[in-house]
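Data first, discussion second: the structure below is written as structure tokens.
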Amino acid sequence: MLELARSSRGITQKELAALINRTQAAVSQWEHNLREPNEEDISLLSNVLNYPTSFFYQQEIDVYLPPVQGHYRKKAALKAVSRTQLESHFRLLGGWVNKLQDAIEVEDGIASPDFSDDTPSDASPEDLARQLRAKWRVPNGPIRSLTTLLENHKIVVAKTWMFNENVDGYSFHTNSGMPVIYVNREMSIDRMRFSIAHELGHLVMHSDCLPDEAREKEAHRFAAEFLMPSHDIHDQLINLRIEGLMSLKARWGSSMTALVRRGRDLGLLNEDRYKSLLIGLSPYRKKEPVDLTKHGFVEQPQLMSLMMRYHLDEVGMTTTQIRDMLHLNDGDFSQLMLSLGLGSGGMYVSHR
């Protein structure tokens, strides 16, 4: 728990040792369970790392350890220190999901997801995307709210408040088996939608594999087919022109760049035409036109906030009790509640 607290604050062992006036060797021995910190040490750690002392005494620490490696959708510029801090953040969030899920029975609305589990092992990412849409009875055409679709099938989607411009998404199964997708809250909605679909592809295809470049490409292929099915969009991408991309984006909820790549991947654009269109889109590289929210696309996670509300309104817990259950300080707990739409800077008050 000390290692998790330290790394979640982006602090190295050496930096922590200096902050509490101890040696780095002592911090290392504590983290490797070679030596026990005394009560004074714990108090110092609590103050410096800004976690309640109860955080360090948790017994069920497995809730913070995903059983398999998580999957990133990230840029190459992500540094090792930032990655460690982000992974710690996601481990914490996974632990909170586990704790919130524990008190909820299946009949109360939280169940195991129904991924395709009877598909051939050699099925392509596109086949898997088509089969999952069919299994979930997704109508032809665009998906207006990908988040709602996933949450209806018991996949937790959350927007993380820990901003890092080099990370778009992260996915894993919690220790209790619940699939979780976290996305960067600062992304544009079109990029967020593709990232969610990308992470869904990882959950469907790669739950027992370490991520690599090949699997990243598979997740991209899955996402493209899931969001823009070839049989629906094929004819709309013939003779693609810059001036038609805005209306296609408004229809499909995908970025203009993703639509151009889809045209290439479906064999409707040769490499020269593909590059020409990308050059034409270069002025929009940082911010594309078309506000998708004005065209009926909404990506607002609800499942985790519903789990929190269940504890408040059905279990009858107070916000203080939930904060203590999650072993958070007031600031972190308020930030969590805000990210779930359940606060306004202070504590959430139950409607009961």
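When reading the values below, keep in mind they use all heavy atoms of this one structure, side chains included, and skip hydrogens, waters and symmetry mates. This chain uses plain numbering: 1 for the first residue, then up along the sequence.
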Which atom pairs, one a donor and one an acceptor, fall under 3.5 Å between side chains of residues 13-21 and the rest of the protein, sequence neighbours left out?
residue : atom : partner : partner atom : Å
Gln13   : NE2  : Glu31   : OE1          : 3.0
Glu15   : OE1  : Thr12   : N            : 3.0
Glu15   : OE1  : Thr12   : OG1          : 3.3

Answer yes if the side chains of [X] and [Y] hold a donor-acceptor pair under 3.5 Å, and no otherwise.
| X | Y | result |
| --- | --- | --- |
| His202 | Glu216 | yes |
| Asn98 | Thr174 | yes |
| Ser7 | Ser88 | yes |
| Gln321 | His311 | no |

Legend entry - Ionic contact status for Arg144 with Glu299, cut-off 4.0 Å: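 Arg144 and Glu299: not salt-bridged.
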
Inset, instruction - Could you check if a side-chain atom of Leu340 sits within less than 4.5 angstrom of a side-chain atom of Leu336, using non-hydrogen atoms only? - result: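 Sidechains of Leu336 and Leu340: in contact.
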
Set of side-chain hydrogen bond (donor to acceptor under 3.5 Å, both in side chains) partners for [X], sequence neighbours left out:
| X | answer |
| --- | --- |
| Arg273 | none |
| Arg133 | none |
| Asp265 | none |

Inset, instruction - Sorted by first residue and then second, give each ring-ring contact (aromatic ring centres under 6.0 Å, His included) pair with at least one member in residues 221-268; sequence neighbours left out. - result: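 Every ring-ring contact (aromatic ring centres under 6.0 Å, His included) pair that includes a residue of residues 221-268, provided the two are not neighbours, is Phe222-Phe226.
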
Inset, instruction - Name all residues meeting the ring pair (Phe, Tyr, Trp, His ring centres under 6.0 Å) criterion together with Tyr274; count only those two or more places apart in sequence or in a different chain, and write none if there are none. - result: none

